[in-house]
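Here's the structure we're looking at; comments come further down.
Nothing fancy with the numbering, it's 1 onward along the sequence. Every number for a ligand or one of its atoms is a count from 1 in the order of the listing.
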Amino acid sequence: MIILKNERDLEAMRPACAVAGTVLEEVAAFVQPGLTTKDVDDFAASRIKHYNAKSAFLGYRKYPCQICISVNDQVVHGLAGQRTMRFGDIVSLDVGVIYNGFVGDTARTVAVGGCDVLAQRLMDVTEKALHEGIAQAVGGKRVGDISRAVQDHVESNGFTVVREFVGHGVGRSMHEEPQVPNFVDGKSSPKLRPGMTLAIEPMVNAGSSAVKILNDGWTVVTQDGSLSAHFEHTVLITEAEPEILTWPEKVPSRLKVP
Ligand code: MF3
Ligand code: CO
Ligand code: CO
């Protein structure tokens, strides 16, 4: 069952998503060479607390960290720890918060200080693929229109989309129906209707699309060791332009850092 949000729901969900988007920007700006991923997770904890929100990830299926931090060949669900980030690494940051009883879910990949041209192109193509997908997120179209737009942009640029993890509906729960794959499989998919809120989230590999899970039970890595990037926004389907709920500038000024 796909849960449609009414205006009252959205009044509560918009600030939740704004907090997620703002915390993600703050954490992205904090990343620099020499810090450990635990330093970044601790900083995220302090920013989430600052907005009186809670991590949507900590404790979810026993997930042990505030946010997901995935370095280089790590695709998603990386665990914070004593690993030091080095100049040239790329780091995927995924922030999910609960606020007003709703979840906002958003991610981006950033370079640590700077990175080489391949890594930069991977990040650019993944972010553009997300926005190509968002452009299809309009009432009357189908989930498969989002999937196709993402896949086409990624594959026409020589990269691959991960199959094992997908985008999703999001609302009072982090993972609601429908699934939003980053590839098409020929099957018919749900029609998009105003009031649907979707997390669209391409995970893109520089090499093969194959992934595996490390022995920690969480960290997803590329099988071939190639770099991976991840961008995600929570969006509201309307009859016209989609509303990107996790856009950081949407944070109400009363929530802004002084
Ligand atoms: N935020 C992830 C997603 O986009 C889910 C993370 S689940 C966790 O769907 F347990 F790893 F936090
Ligand atoms: Co996410
Ligand atoms: Co998500």
Side-chain angles (χ1 to χ4, degrees), residues 2-3 13 16-28 37-38 40-41 44-45 47-48 53-71 74-81 91-99 102-110 126-127 129-131 133-134 137 143 146-147 150 161-183 196-204 211-221 228-237 242 244-248:
I2 298 176
I3 301 169
M13 187 163 171
C17 291
V19 169
T22 301
V23 169
L24 178 60
E25 287 309 302
E26 292 174 349
V27 173
T37 52
K38 177 74 164 65
V40 176
D41 200 60
R47 298 317 299 160
I48 292 168
K54 281 209 150 62
S55 166
F57 301 167
L58 182 68
Y60 175 84
R61 300 187 186 185
K62 303 208 178 130
Y63 187 77
C65 306
Q66 296 276 336
I67 65 172
C68 299
I69 306 176
S70 310
V71 183
Q74 298 178 351
V75 179
V76 285
H77 304 167
L79 301 180
V91 182
S92 296
L93 305 163
D94 191 341
V95 172
V97 303
I98 308 174
Y99 184 77
F102 281 88
V103 174
D105 189 9
T106 181
R108 69 178 305 125
T109 306
V110 297
T126 308
E127 184 168 21
L130 168 59
H131 287 282
I134 291 173
V143 169
I146 299 173
S147 307
V150 169
V161 292
V162 171
R163 304 294 201 272
E164 286 84 350
F165 299 88
V166 296
H168 49 92
V170 52
R172 289 189 182 276
S173 304
M174 178 161 62
H175 292 145
E176 296 182 350
E177 287 183 46
Q179 294 199 345
V180 184
N182 298 302
F183 56 95
M196 285 185 185
T197 43
L198 304 178
I200 304 174
E201 50 176 316
M203 287 145 272
V204 175
V211 298
K212 62 179 181 184
I213 300 181
L214 296 185
N215 287 333
D216 63 21
W218 280 106
T219 312
V220 179
V221 299
S228 190
H230 179 211
F231 282 78
E232 174 178 32
H233 274 303
T234 299
V235 305
L236 169 67
I237 308 299
I244 303 178
L245 298 173
T246 42
W247 200 260

If the cut-off is 2.8 Å, does any N/O/S atom of D94 fall short of it from the Co ion (ligand 2)?
yes
Report the atom name of the nearest N/O/S atom of D105 relative to the Co ion (ligand 2).
OD1
Please list the nearest protein heavy atom to atom 9 (O) of ligand 1 with its residue and the distance rounded to 0.1 Å.
H175 NE2, 2.8 Å
Determine yes or no for a side-chain-to-main-chain donor-acceptor pair under 3.5 angstrom, with S147 supplying the side chain and P181 the backbone.
yes
The atom of E201 among N, O or S that is nearest the Co ion (ligand 3) is OE2
Looking only at N, O or S atoms, find the one in E232 nearest to the Co ion (ligand 2) and name it.
OE1
As an exercise, identify every atom of ligand 1 less than 4.0 angstrom from a heavy atom of H77.
5 (C), 6 (C), 11 (F)
For C68, atoms of ligand 1 separated by under 4.0 Å from a heavy atom:
11 (F), 12 (F)
Using the rule ring pair (Phe, Tyr, Trp, His ring centres under 6.0 Å), only one of F57, Y60, F165 pairs with H175; which is it?
Y60
So, the side chain of S55 versus the backbone of Q66: is there a donor-acceptor pair under 3.5 Å, distance only?
yes
Please find the N/O/S atom of H168 nearest to the Co ion (ligand 3) and write down its name.
NE2
Find all atoms of ligand 1 within a distance of less than 4.0 Å from any non-hydrogen atom belonging to H168, and give their numbers and elements.
3 (C), 4 (O), 9 (O)
As an exercise, identify every atom of ligand 1 less than 4.0 angstrom from a heavy atom of D105.
1 (N), 3 (C), 4 (O), 9 (O)
With a cut-off of 4.0 Å, which atoms of ligand 1 are near a heavy atom of E201?
3 (C), 4 (O), 9 (O)
Contacting atoms of ligand 1, where contact means under 4.0 angstrom from a heavy atom of F57:
1 (N), 6 (C), 12 (F)
Side chain of Q74, backbone of V71: donor and acceptor closer than 3.5 Å?
yes
Would you say the side chains of T246 and H233 form a donor-acceptor pair under 3.5 Å?
yes
Can a salt bridge be assigned to the pair E232 and R108 using a cut-off of 4.0 Å between side-chain N and carboxylate O?
no
Would you say F165 contacts ligand 1, with heavy atoms under 4.0 Å as the rule?
no
From T234 atom OG1 to L198 atom CG, the distance as rounded to the nearest 0.5 Å:
9.0 Å
Within the 3.5 Å criterion, strictly below it, is a donor on S70 or S92 matched to an acceptor on the partner's side chain?
no
Does H168 reach the main-chain N or O of M174 with its side chain, forming a donor-acceptor pair under 3.5 Å?
yes
Which atoms of ligand 1 sit under 4.0 Å from any heavy atom of D94?
1 (N), 2 (C), 3 (C), 4 (O)
Indicate yes or no: does an N/O atom of H230 lie under 3.5 Å from an N/O atom of ligand 1?
no
Could you check whether E201 and H230, counting side-chain N and O atoms only, form a donor-acceptor pair closer than 3.5 Å?
yes
Please confirm whether E232 comes under 4.0 Å of ligand 1, counting heavy atoms of the residue only.
yes
So how far is it from I48 CD1 to Y99 OH, rounded to the nearest 0.5 Å?
13.5 Å
When you measure from the Co ion (ligand 3) to the N, O or S atoms of H175, does any of those distances fall below 2.8 Å?
no
